[in-house]
Amino acid sequence: ILNEGGAMWDNENNMVPMSRLSECRIEDFIELKKRLTDYVKGVKDRLSEKGQRALDIVKENIGDTSLLIGGSKGLASVLSKAARGDMSLNVHNRNVKSFMDGKYASSKANDIQKQSLECCAGEIIDILDDIIKIKDDEGTGYDNAVMLLKPLKKLSVAYSIKNEMDTVKQRSNIMLLREFNEIIGNHLRTEPVPFIYEKLGERYQHYFIDEFQDASIMQWENMKNLI
């Protein structure tokens, strides 16, 4: 995490986003992580409760969830994923739709099992409605929370490294070489004429750019004025 956080801070393409963290504190990252973790757990718990309840109803009435429409890979699979709190489940697949439309059992179910399913289908449909609502209402927020949690540790380390480096630079009165690209870019954006390149053009007629594949976005934006 230390190496990856340091690489995140050292990447020139991250200079602008990292500068926006200057007013953050390490406590802010801890609080954000807690809020995101609690949110993700809350969504998974709600989904798991609904999925497990539906499975319990099926088992109480017909014993085998594979007798649901679509067999073991059909509605039973959807409910099992829900019971695990797995938000990757597809709540709009054909087996869910078929059950909601009144096709409850697989071809392996006998008449007694089909009748038993018909008796409890209304309760299962109500639960499916709740599962679909959780997935539709929370899906985007859940995915975003999970996505943000992954780099959060590295981001907090990068923030700490940035603060320490700022202290060292100020104490030693130094700048990092990569910061000159930002200074050049700021001048090029604010000056009516790219003065730096105008002066370079008086002396140099041709430019050779070595290792271009390793140029950062900021370096490319600066170099475009040479073309």
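Only heavy atoms go into these numbers, but all of them, side chains included; no hydrogens, no water, no symmetry mates.
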Less than 4.0 angstrom from a charged side-chain N to a carboxylate O is my criterion; do Lys34 and Asp38 meet it?
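A salt bridge is present here (some side-chain N lies under 4.0 Å from a carboxylate O).
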Does the pair Lys169/Asp166 count as a salt bridge with the N-to-O cut at 4.0 Å?
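Yes, charged N to carboxylate O under 4.0 Å.
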Are any side-chain N or O atoms of [X] and backbone N or O atoms of [Y], one a donor and one an acceptor, separated by less than 3.5 Å?
| X | Y | value |
| --- | --- | --- |
| Glu49 | Arg46 | no |
| Ser48 | Ala83 | yes |
| Ser116 | Ile112 | yes |
| Glu138 | Lys135 | no |

Side chains of Asp111 and Gln115: do they bring a donor and an acceptor to under 3.5 Å?
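No, no side-chain donor-acceptor contact under 3.5 Å.
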Common cluster, [X]/[Y], ILVMFWY with side-chain heavy-atom separation under 4.5 Å:
| X | Y | result |
| --- | --- | --- |
| Leu32 | Met147 | no |
| Leu148 | Ile30 | no |
| Ile209 | Trp220 | yes |

Which pair of heavy atoms, one from [X] and one from [Y], lies closest together, and at what distance?
| X | Y | answer |
| --- | --- | --- |
| Val40 | Ala145 | CG2-CB, 3.7 Å |
| Ser98 | Ile69 | CB-CG1, 4.1 Å |
| Phe99 | Ala121 | CE2-O, 4.0 Å |
| Arg53 | Glu123 | NH2-OE2, 3.1 Å |
| Val96 | Asn90 | CG2-O, 4.3 Å |
| Gly51 | Ala82 | CA-CB, 3.7 Å |

Separation between [atom1] of [X] and [atom2] of [Y], rounded to the nearest 0.5 Å:
| X | Y | atom1 | atom2 | value |
| --- | --- | --- | --- | --- |
| Phe212 | Gln219 | CZ | CD | 9.5 Å |
| Thr65 | Asp56 | OG1 | CG | 11.0 Å |
| Asn95 | Lys73 | CG | NZ | 12.0 Å |

Have a look at Lys50 and tell me which of Asp45, Ile131, Ile132 forms a side-chain contact (heavy atoms from CB on, under 4.5 Å) with it.
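Single side-chain contact (heavy atoms from CB on, under 4.5 Å) partner of Lys50 among Asp45, Ile131, Ile132: Ile131.
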Should [X] and [Y] count as side-chain neighbours, where that means a heavy-atom distance under 4.5 Å?
| X | Y | answer |
| --- | --- | --- |
| Ile134 | Val91 | no |
| Asn61 | Leu117 | no |
| Ser106 | Leu68 | no |
| Ile62 | Tyr104 | no |

Show your working on side chain to side chain contact (heavy atoms under 4.5 Å, CB included) between Gln113 and Asn110 and close with a plain yes or no.
CA-CA 5 Å; Gln113 290 166 332; Asn110 59 38; 3.1 Å; yes
Answer yes or no: does atom CD of Gln170 have more than 12 heavy-atom neighbours from other residues, nucleotides or ligands under 6.0 Å?
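Counting other residues, nucleotides and ligands, CD of Gln170 stays at 12 neighbours or fewer.
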Please say whether more than 12 non-hydrogen atoms of neighbouring residues, nucleotides or ligands are located less than 6.0 Å from NZ in Lys114.
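Yes, NZ of Lys114 has more than 12 neighbouring heavy atoms, counting only those of other groups under 6.0 Å.
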Step by step, work out the side chain to side chain contact (heavy atoms under 4.5 Å, CB included) result for Leu75 and Leu128.
CA-CA 10 Å; Leu75 184 61; Leu128 280 173; 4.1 Å; yes
From CA spacing to verdict: side chain to side chain contact (heavy atoms under 4.5 Å, CB included), Leu89, Arg84
CA-CA 10 Å; Leu89 80 172; Arg84 295 195 301 270; over 6 Å; no
Please step through salt bridge (charged side-chain N to carboxylate O under 4.0 Å, His left out) for the pair Lys97 and Asp101, ending with a clear verdict.
CA-CA 6 Å; Lys97 186 178 184 303; Asp101 289 341; 3.1 Å; yes
